[in-house]
Amino acid sequence: MSTIREWFEDRTGIKTLLKFALDEPVHGGAKWSYIFGSGLVFLFILQAVTGIVMAAYYSPSSTAAWGSVYYIQHKTSFGWFVRGLHHFGSSAMMILALVHMFQVFIFGAYKKPRELNWISGVILLLFLAGFGLTGYLLPWDQKGYWATQVATNIMGTIPVIGKYIKIIHQGGADYGNFTITRFYTLHVFLLPLSLVFFLFIHIALFRKHGVTPYWKMSEEIVKNRVDPFWPDQVYKDVVFAIGMYAALAGWVFWNKGAELNSPADPASNYLARPEWYFLFLFQLLKYCQGNLLIVGTVIIPALSVIFLFVLPFIDRNASRYPAKRIPFFGAVFSGLAGVIALTALAIHHDRHDIHIIHQQEVAEKQTARAIRLAARGIPPQGGLSIFLNDPVFLGEKIFKESCNGCHMVRGEGGETAPDFTNFGSREWVSGLLKDPKGKKYFKESGAMPPVKQPDESLLDMTEFLLSQSGDLSSTNTDRLERGKELVFKGNCVICHPIGDKDAKKVAPNLTGYLSVEWLKAFIKNPSDPKFYGARNKMPGFDKLSERELDALIQYLLSLSKDRVLVSEREEGNKKRKYVFGQTAPRTIKAFKSKT
Amino acid sequence: MEDSKTENTSRRRFLKIASHAIGGTLAAGVVAPVVGLAVHPWLKDTVYGTEDFINVGKLDDFPVGIPKKMTITSSKMDAWNLFEGLVMGSVWVVRKEDNSLNVFSTNCPHLGCGINWGEDVKQFLCPCHEGVFDINGRRISGPAPRDMYSFETKVENNTVLISYKRVI
């Protein structure tokens, strides 16, 4: 073994090189306060490794990006974890970079002769922000798409050259394939290469000038106490790295990985919010209105960055004692306080604005639906197309356009007609029997007297009425039998025909009550004598196409947790039939033999 | 002085071992999920047809004793995408006297070239390296190491169904 090692060392000198590259004297002794820089190097390697393996699955195009990230997140074994590490790792890097920078500032480590160490560090921090910005868009989900829109529009506010900067980043006048290929190129080629280049300079300069110990440490100790980097400082660095990795991995587990929103929809009014470490800039823009916009987008950020660049040249006092650098401490820490205050304001505002909370709920629901639909396979037209064939999605759209004005759902919509929250569920129907003239149901226009029976009997009757639709997710046969008896022997059948679907009486025909067929006929023409007849107040919707009507009914059924959707029933059947659990219609084409 | 030196040496020996151990654990902790993700195609099918048996037409459409070339069209899962009506490949369908079917891959078992039917010689001919097979797919001459690949087939309600898997 040692002869092989010697042979190799003889020919390559690798051991000497490694020793030179990795070992150095640490003047004043190894310290826990020096762990942040190497911690950042570890996190950068982690980002690189997780990023590279994800690049083997990711596809940078506006039609494929969302699908490929969905695949990483939901179809691979460790994808969610690796992506989570990468996502939260960027936040960890940002936090650690700021800690590192503030430590350097407090220790006065940017002072002569280390000005260029500091400047290369500021450049690295800007690259880090660039990574965050470009990476956010790559999943092509709602969150990334809309937040990045804001960022590119901010680029556009730069005087004179703004328009050109925006177009070169977007790859055109609007978002599309070139936006994603450009952000991808920046994120995986240009930024990493530039970062490695400046990191090399940063570390080389650090090696040249050595550590900057605590300001109170005497010159004598700094000169005389010299620890080797390996193992004294390395030990502290790896302990910190493993602690950080454990915390990060724990965070990823706790959050069940990084979020993937529903696919980017250019037509939606999604609420754009940047990643948390950009929130202060976002909040700042709220105060810069009209002509002042440029103050928030360009002037304040540019001045801050310029201040950081020139800091080592304006703080020329040789002393590193904080007491002697009060103006600079004041400037830097009031800047930090401002950033923290703006971030806190942004978070506080979002947590207390009911509209924002509501929009977030809608987005979460949409996301959950997108993830379910994508499992069947995403059409080649792109992530958003999963919704095109989803009846519930289309139905909800139709409902919002045509029905929501009178029928309220979950607190939203008009109050003229019955509230459709939980529509068609056992709870809804039994509530209707109990109090048809109630606020939730027909109000004063209700003609039916309340059914004076105990709640249990109302549930029995409900069970029978709903069982006719055949799409209850479960049925209680005892209840059904009792309910059937109550309905037929009670007063119901005096007004309501039941059993013959074309029979007409004073009140609506309850044959197949709330089934797909019943709802279809009802929605088309509620004034039909077999429904409300002359007493009807609801407009008929016979203009809807069959497909739209089906979709609307699927949406209505989806409001109830007791009912099973047609699409879900089909899914269940196919799962038994096909090995791969896919639902694709057969398409067959036969070609004549050419020979 | 001597004491502190030996103390330092043994302390550093411990630090070296500890650094290796912690560093190794850390590296393993990072590499494990990354490798787990990287080998995903070993663990799960990523590209596959979604139908077990593909309809290629009515039994009556196939003449007895004359091979007919059929294009296989099905829907295909390709990682996250579902492609409908995609051409997957083609097969030779041979209907025998007793109405049973032989279905062969059009890819030669030698190196995958497309096999033709020579109507004049009543044999399957591979143009690349002159492979020759009889109507039952058996190798007659040429470099092919085996008979033609065949697919499982069934007939239901006069409909021919083929279990098509790409073999080369």
Side-chain angles (χ1 to χ4, degrees), chain A residues 42 45-46 49-50 52-54 56-57 59 63-64 66-72 75-79 81-83 85 228 230-232 234-239 241-242 245-246 249 374 376-380 383 577-595, chain B residues 11-23 25-26 29-40 43-46 48-52 54-58 61 66-71 73-87 90 92-93 116-119:
Chain A
F42 164 70
I45 293 170
L46 182 67
V49 171
T50 49
I52 287 169
V53 73
M54 284 199 295
Y57 291 88
S59 176
T63 47
W66 190 84
S68 61
V69 178
Y70 160 81
Y71 194 89
I72 294 173
K75 292 283 176 172
T76 59
S77 312
F78 291 93
F81 185 68
V82 171
R83 182 167 170 260
L85 284 178
W230 166 252
D232 292 44
V234 169
Y235 170 74
K236 293 182 166 61
D237 290 346
V238 287
V239 168
I242 204 167
Y245 184 63
R376 299 179 204 169
I378 299 163
K577 209 160 157 191
Y578 290 116
V579 179
F580 297 118
Q582 300 304 325
T583 58
R586 284 155 192 255
T587 34
I588 297 104
K589 278 175 202 149
F591 293 95
K592 278 203 173 150
S593 168
K594 279 171 193 149
T595 49
Chain B
R11 189 177 63 90
R12 291 210 167 108
R13 190 179 303 135
F14 164 76
L15 289 182
K16 280 182 184 177
I17 295 169
S19 299
H20 275 122
I22 298 169
T25 314
L26 180 61
V30 172
V31 166
V34 166
V35 170
L37 176 57
V39 301
H40 169 77
L43 310 173
K44 271 189 189 165
D45 279 337
T46 54
Y48 51 83
T50 59
E51 293 172 286
D52 290 346
I54 298 164
N55 183 337
V56 290
K58 299 278 173 217
D61 296 343
I66 302 168
K68 193 172 170 185
K69 192 176 177 182
M70 302 299 293
T71 302
T73 311
S74 177
S75 50
K76 176 179 169 186
M77 276 300 275
D78 183 354
W80 57 88
N81 273 140
L82 174 65
F83 295 105
E84 311 250 14
L86 207 68
V87 173
S90 56
W92 283 109
V93 181
N116 299 322
W117 172 249
E119 184 56 45

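The sequence lines fix the lettering, A, B, ..., with proteins before strands; numbering per chain opens at 1. The figures that follow rest on heavy atoms only: side chains count, while hydrogens, waters and symmetry mates do not.
For the set A/Gly67, A/Gly383, A/Ala246, the count of heavy-atom pairs under 4.5 angstrom toward chain B peaks at A/Gly67. Ranked by heavy-atom pairs under 4.5 Å with chain B, the first of A/Pro380, A/Ala241, A/Ser77 is A/Pro380. For the set B/Gly118, B/Ala18, B/Ala38, B/Gly23, the count of heavy-atom pairs under 4.5 angstrom toward chain A peaks at B/Ala38. In terms of non-hydrogen atom pairs under 4.5 Å with chain B, the most contact-rich of A/Thr63, A/Ile52, A/Thr76 is A/Thr76.
Only the side chain of B/Lys44 has a heavy atom closer than 4.5 Å to any heavy atom of chain A. Contact of B/Arg13 with chain A is not made at all, since no heavy-atom distance falls under 4.5 Å. Using a 4.5 Å cut-off between heavy atoms, A/Tyr57 touches chain B through backbone and side chain atoms alike. For A/Leu46, the part sitting under 4.5 Å from any heavy atom of chain B is the side chain, from C-beta outward, and nothing else. Heavy atoms closer than 4.5 Å to chain B are found nowhere in A/Ala249, neither backbone nor side chain. With a threshold of 4.5 angstrom between heavy atoms, A/Ala56 does not approach chain B through any atom at all. In this structure, the portions of B/Ile22 lying under 4.5 Å from any heavy atom of chain A include both its backbone and its side chain. With a 4.5 angstrom heavy-atom cutoff, B/Ser90 does not touch chain A via any of its atoms.
Among all heavy-atom pairs drawn from A/Lys75 and B/His40, the shortest one is O-CE1, 3.2 Å. In terms of heavy atoms, B/Leu26 sits closest to A/Ile242 at CD1-CA, 3.8 Å. The two residues B/Val56 and B/Met70 come nearest to each other via the heavy atoms O-CE, 3.1 Å. Listed here is the closest heavy atom pair of A/Pro379 and B/Asn81: O-ND2, 3.6 Å. The minimum heavy-atom distance between B/Ser75 and B/Leu82, with the atom names listed, is CB-CD1, 4.4 Å. Between B/Pro33 and A/Tyr245 the shortest heavy-atom distance is CG-OH, 4.2 Å.
No more than 12 heavy atoms of other residues, nucleotides or ligands shown are found within 6.0 angstrom of NZ on B/Lys76.
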Pair A/Val82-A/Met54, side-chain contact (heavy atoms from CB on, under 4.5 Å): steps then yes or no: CA-CA 8 Å; A/Val82 171; A/Met54 284 199 295; 4.0 Å; yes
